[in-house]
Number of protein chains: 2
Amino acid sequence: MSEQLKAKSGLRGRAARVGLDKQQIVAAAIQQIDQRGLAAFSMRELARTLKVSPAVIYWHVGGLQEDLFAEISAVITANLTDDTTSGADWKVRLRSVFMRYRQLVHQHPRVAPLLGAQMKSNGVANLAWVETVLSALTQAGFQGEALRDAFNALIGGLAGFVTMELAPPPADDSNDWQQGFAKRVADIDPLHFPYTHAVLPMISNRIFVLRWQNGIDVSYDSSFELLLNIIIDGLAQRAQQLNNPPE
Amino acid sequence: MSEQLKAKSGLRGRAARVGLDKQQIVAAAIQQIDQRGLAAFSMRELARTLKVSPAVIYWHVGGLQEDLFAEISAVITANLTDDTTSGADWKVRLRSVFMRYRQLVHQHPRVAPLLGAQMKSNGVANLAWVETVLSALTQAGFQGEALRDAFNALIGGLAGFVTMELAPPPADDSNDWQQGFAKRVADIDPLHFPYTHAVLPMISNRIFVLRWQNGIDVSYDSSFELLLNIIIDGLAQRAQQLNNPPE
DNA sequence: ACCTGAACACCGTTCAAGT
DNA sequence: ACCTGAACACCGTTCAAGT
């Protein structure tokens, strides 16, 4: 039997029988991060769960762990298109695409640090995202430096929010840190920090910095929506000033 | 000579002569991250540059690498106070404290991922920051859930922006990735992505996602200021609505 | 109290060799 | 083309032992 026939019929030598490809590897990696978190992720552990030699990962993905991470980011943001609202008002389209971005990241919350805090993970994968935002802003009347700043304010503010929201807690197996931190928050000195102390029951574990759980356990929906509304409204105001300059 | 005398006079046995303390360790760690980046940081390397056994780090800092990272974050955000403008208008105070936050992080840009993307690094160190923001927002008229959302929108949006802005590039020694990515951006298909292609010279390497350098090499000053202005203006508008509800 | 040296259980990555 | 096994050069963390 020729090599071609073997390949076509799926019959191969012991080495080739595994039949692994890049897609499956990336999918398995996402699953592993979903379950154990990014800090616990390892190439060797991934190879183990795939019942394969570590070198296989490198052969399929090529190069380094960073490249695998970039593939993961690409897969997660791949569905970030806006077909549904492509004819709509630019404000509606921006709302929609950023709500969708947050929704996608929340489907794999423990992958979030990759999207926000690693440059290589922002590949050409989500060009559709960029195109949507740029076309909406162009439609609004932005161009040149103003377009650039508007784009960065949107992505930096909103994607940045999601990154902070889903910042991973310590890898502490136990919840020692959670308890300790909760106690320190409860014991905040009313003399040094009167305003903080006054609203403690309202904000404890519900605002950034003073929390011991992240956006997986505590909802930041209304805070994100406030930020989204503020940015879009603010851009709309400034767009109007650009188009009808004060006389 | 008694033990106390030896300690007082600085004369000690071979082991104690090193005279290392937590402050120096944290300072050395910051220096190391500043130079080589967070990805290249290691406890053993730190011990090596301090000419000390790795165990020493653990003895002084206690526990895990995360704890050292938390100390680092605390040191960097320690000077985040607003004494200068404590009597000023709440909008001025917010502007000032968030400009200062960004300025502090930019002094150690490669530490940025710790502040934005790790929960343990947000210790009780920067309570002064929280107090400043909460007092300003209270003064503006926010309370209850609205206060919470306003706080989160500010911190999530602005600290999130800084985290994205300073997201580390790949550890590639060479600039292979930079060149490859730059080429892919330049070759963006005008048929699939007309709006992106149209403004390419304006945005290439200057907007998030479509860049191969981060905020260390390319300035995002004007984008940050736009976001800061939009958020503060938006909060001011909403504060007014809270205080003078529509009839 | 502060430090050393060695040990344990891992990593990421590469590479010759196999089928 | 796809995979194995072993190897290299590291890690983080702990712990008995020293002074």
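All chains are named by letter (A, B, ...) in the order of the sequence lines, taking the proteins before the strands, and each is independently numbered beginning at 1. Computed from a predicted structure; not experimentally measured.
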Residues of residues 35-45 of chain A with a heavy atom under 4.0 Å from any atom of DNA chain D, listed by number, are A:R44
Per the under-4.0 Å heavy-atom filter, residues of residues 57-66 of chain B near DNA chain D come out as B:Y58, B:G63, B:L64, B:Q65
Which one, D:dT14, D:dC11, C:dT13, comes nearest to the side chain of B:R48?
-> D:dC11
Name the orientation class of the two ring planes belonging to A:Y101 and A:W129 (parallel below 30°, tilted from 30 to 60°, perpendicular beyond 60°).
-> parallel
Relative to the ring of B:Y220, is the ring of B:F161 parallel (under 30°), tilted (30 to 60°) or perpendicular (over 60°)?
-> perpendicular
Tabulate below the donor-acceptor pairs under 3.5 Å that side-chain atoms of residues 104-118 of chain A make, not counting sequence neighbours, or state none.
from: A:H106; atom 1: NE2; to: A:E165; atom 2: OE1; distance (Å): 3.2
from: A:H106; atom 1: NE2; to: A:E165; atom 2: OE2; distance (Å): 3.1
from: A:H108; atom 1: ND1; to: A:D34; atom 2: OD1; distance (Å): 3.2
from: A:H108; atom 1: ND1; to: A:D34; atom 2: OD2; distance (Å): 2.8
from: A:R110; atom 1: NH1; to: A:D34; atom 2: O; distance (Å): 3.4
from: A:R110; atom 1: NH1; to: A:Q35; atom 2: O; distance (Å): 2.7

Hey, could you give me each pair passing salt bridge (Lys or Arg N to Asp or Glu O under 4.0 Å) that has a residue in residues 185-195 of chain B? Not counting sequence neighbours.
-> B:K183-B:D187
Residue pairs passing the salt bridge (Lys or Arg N to Asp or Glu O under 4.0 Å) test with at least one member in residues 208-224 of chain A, sequence neighbours excluded, are A:R102-A:D221
Base-pair map of DNA chain C as dot-bracket, where | denotes pairing with a different strand and pairs are Watson-Crick or G-U under 3.5 Å = ||.|||||...|||||.||
Taking atom C1' in both C:dC8 and D:dC10, what distance in whole Å separates the two?
-> 15 Å
Sequence neighbours excluded, which residues qualify as ring-ring contact (aromatic ring centres under 6.0 Å, His included) partners of [X]?
X      : result
A:Y58  : none
A:F41  : A:F69
A:F193 : none

Which residues satisfy the side chain to side chain donor-acceptor pair (under 3.5 Å) test with [X], sequence neighbours excluded?
X      : answer
A:E131 : B:T196
A:R48  : A:E45
B:S204 : none

Rounded to whole angstroms, how far apart are [atom1] on [X] and [atom2] on [N]?
X     : N      : atom1 : atom2 : answer
B:D67 : D:dG12 : CG    : P     : 14 Å
A:K22 : D:dC2  : NZ    : P     : 12 Å
A:F69 : C:dG12 : CZ    : C1'   : 11 Å

